[in-house]
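Values below: all heavy atoms of this structure, side chains included; hydrogens, waters and symmetry mates excluded.
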There are 2 protein chains.
Amino acid sequence: MTTAPTPTRNRGNRRAEILRAAAELFAARGFHGVPIEDIGAAVGVSGPALYRHFAGKEALLAEMLLDVSSRLRESAAAVVTSSTGPAETLDALLHVQITFAIEQPALITVHDRELGNVPERERRQIRRLQRLYVEEWVTVLAELHPACPAARLRAATHAVFGLLNSTPHSAGELPGEAMRPLLHAMAGAALEAAVNAR
Amino acid sequence: MTTAPTPTRNRGNRRAEILRAAAELFAARGFHGVPIEDIGAAVGVSGPALYRHFAGKEALLAEMLLDVSSRLRESAAAVVTSSTGPAETLDALLHVQITFAIEQPALITVHDRELGNVPERERRQIRRLQRLYVEEWVTVLAELHPACPAARLRAATHAVFGLLNSTPHSAGELPGEAMRPLLHAMAGAALEAAVNAR
DNA sequence: CGATTACGTTAATGGTGACTAACATCGCGG
DNA sequence: CCGCGATGTTAGTCACCATTAACGTAATCG
């Protein structure tokens with residue numbers, strides 16, 4: 001206990017710690033499979049201490065997913081506004097999503113599994129952010145391939161997300177440094193094919 | 001008389017019905033999110049009637065996942081043994097997985113989310129089948145591209161599964177008839193790109 | 001110094017849900 | 001006709017778990 005001279009230095013820290021630990025647990029065992037006591041235990045406090053930081057289990061999940069989806073959406077928006085051309089923008093979007101998938105596999109997993117357990121109100125916000133994120137991709141793709149119908153571009157985008165988010169499954173197969181360019185190449189090729197087929 | 005008309009026919013029927021309904025529910029709300037009563041209700045019986053057909057909730061899940069993974073593995077094995085060449089085999093494997101993903105999205109979803117809730121014993125069997133299934137893919141890919149390291153092929157295979165299994169997410173976007181060739185083209189291109197490493 | 005705030009702790013409490021018991025029904029083979 | 005196996009039903013039972021109560025402790029601030 002040598003590292004705690006000032007007990008109050010953990011102001012916003014504990015919250016973040018809890019969110020991180022909960023993400024791992026939810027990803028591994030599912031929202032309903034994780035008792036609140038386990039979340040506490042994972043950060044060194046036990047059980048109902050969580051209620052000092054969150055209104056409840058669902059509120060915790062909601063904040064987690066809202067955070068993820070707004071971070072993704074913001075990154076995408078930033079990339080789009082600061083770009084020089086559609087091809088570069090697409091590359092940058094791929095980079096964003098790949099980085100996220102490789103660095104935060106638990107968050108990605110929870111993000112597309114547990115939306116149904118978020119209370120109605122914030123679920124709508126999250127969905128809105130997700131939709132906006134997808135639309136950033138579709139817009140860029142449409143610029144590159146105006147002839148391709150939007151529905152097809154949307155489906156292709158979802159498929160590419162599936163490809164990139166597979167990272168949690170192939171965790172041990174390849175080192176992260178090899179994974180990144182592999183995913184980039186595969187996703188790029190898949191999009192190219194989606195847009196050209198027939 | 002081996003074929004009893006009325007009495008024994010419902011036996012296998014009801015079981016299958018339950019498995020089908022449970023798959024939908026598990027896919028939508030997660031294993032722990034579905035009370036056993038809801039499963040019963042979905043097939044018109046109520047609650048504990050399930051125990052006439054399965055040893056328990058986990059046993060039901062186990063049977064479901066075992067069935068999926070052995071069906072996939074068997075289809076793959078059949079395709080491999082009856083094929084004329086590696087390129088055609090790969091096409092046939094793609095066909096198998098795409099058909100499954102499009103026709104049984106709920107099963108696919110549950111299959112890669114809920115393995116953790118299967119009791120140890122049958123979890124091992126399921127994992128074995130999954131591994132064998134992946135190895136069919138890797139073997140064929142290795143024949144086509146002997147220079148590519150197996151680990152890379154495995155990672156690429158998982159990524160392609162992620163792409164193909166994204167179907168549940170992009171459900172409404174495109175009609176199934178358009179979805180099939182799109183997925184095939186994207187997956188093929190992604191594999192091609194994966195294998196042409198730098 | 002109080003007092004308030006921030007954070008934890010350990011006991012209830014209440015609801016939910018898996019599983020079991022006790023009790024029908026019904027189609028059949030003897 | 002009788003027993004019986006297959007299949008359901010409805011009422012427990014018993015754990016588990018989210019949430020709340022009631023109760024410390026320590027630091028900040030007036």
Rounded to whole Å, how long is the line connecting atom [atom1] of [X] with atom [atom2] of [N]?
X: B:E37; N: D:dG12; atom1: CD; atom2: P; value: 16 Å
X: B:I36; N: C:dG17; atom1: CD1; atom2: C1'; value: 9 Å
X: A:N117; N: D:dA18; atom1: CG; atom2: P; value: 12 Å
X: A:I18; N: C:dG8; atom1: CD1; atom2: P; value: 7 Å
X: B:N13; N: D:dA6; atom1: CG; atom2: C1'; value: 15 Å
X: A:R15; N: C:dC7; atom1: CZ; atom2: C1'; value: 14 Å
X: B:F54; N: D:dG8; atom1: CZ; atom2: C1'; value: 16 Å
X: B:L60; N: C:dA18; atom1: CG; atom2: C1'; value: 13 Å

Could you tell me whether the phosphate oxygens of D:dG8, OP1 or OP2, come under 4.0 Å of any side-chain nitrogen or oxygen in B:R14? yes

Within less than 4.0 Å of OP1 or OP2 of C:dG17, is there a side-chain N or O belonging to B:H32?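 No, outside the criterion.
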
Pairing of A:R20 and A:E17 as salt bridge, 4.0 angstrom limit: no

Salt-bridge present (B:R152, A:E173; N to O < 4.0 Å): no

Heavy atom of residues 42-51 of chain B under 4.0 Å from DNA chain C: which residues?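 Of all residues in residues 42-51 of chain B, the ones placing a heavy atom under 4.0 Å from DNA chain C are B:P48, B:Y51.
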
Quick one: do the A:D112 and A:Q130 side chains pair a donor with an acceptor below 3.5 Å?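 The criterion, which ignores hydrogens and geometry beyond distance, is not satisfied for A:Q130 and A:D112.
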
Taking the six-membered ring of B:F54, is NZ or CZ of B:R15 closer than 6.0 Å to its centre and within 45° of its axis?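 Yes, a cation-pi geometry.
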
If you define the side chain from C-beta out and look only at heavy atoms, does anything of B:R154 sit under 4.5 Å from A:S170? no

Taking salt bridge (Lys or Arg N to Asp or Glu O under 4.0 Å) as the definition, give me every residue that meets it alongside B:R124, ordered by chain and number, with sequence neighbours left out.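 Partners of B:R124 under the salt bridge (Lys or Arg N to Asp or Glu O under 4.0 Å) test: B:E120.
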
Taking the minimum atom-to-atom distance to the side chain of A:H53, which one of D:dT19, C:dC7, C:dA18 wins?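 Among the listed nucleotides, the one closest to the side chain of A:H53 is C:dC7.
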
A:R52, nearest nucleotide to its side chain (from C:dA18, C:dC7, C:dC23):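 Nearest listed nucleotide: C:dC7.
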
How are the rings of B:F161 and B:W137 set to each other: parallel, tilted or perpendicular (split at 30° and 60°)? perpendicular

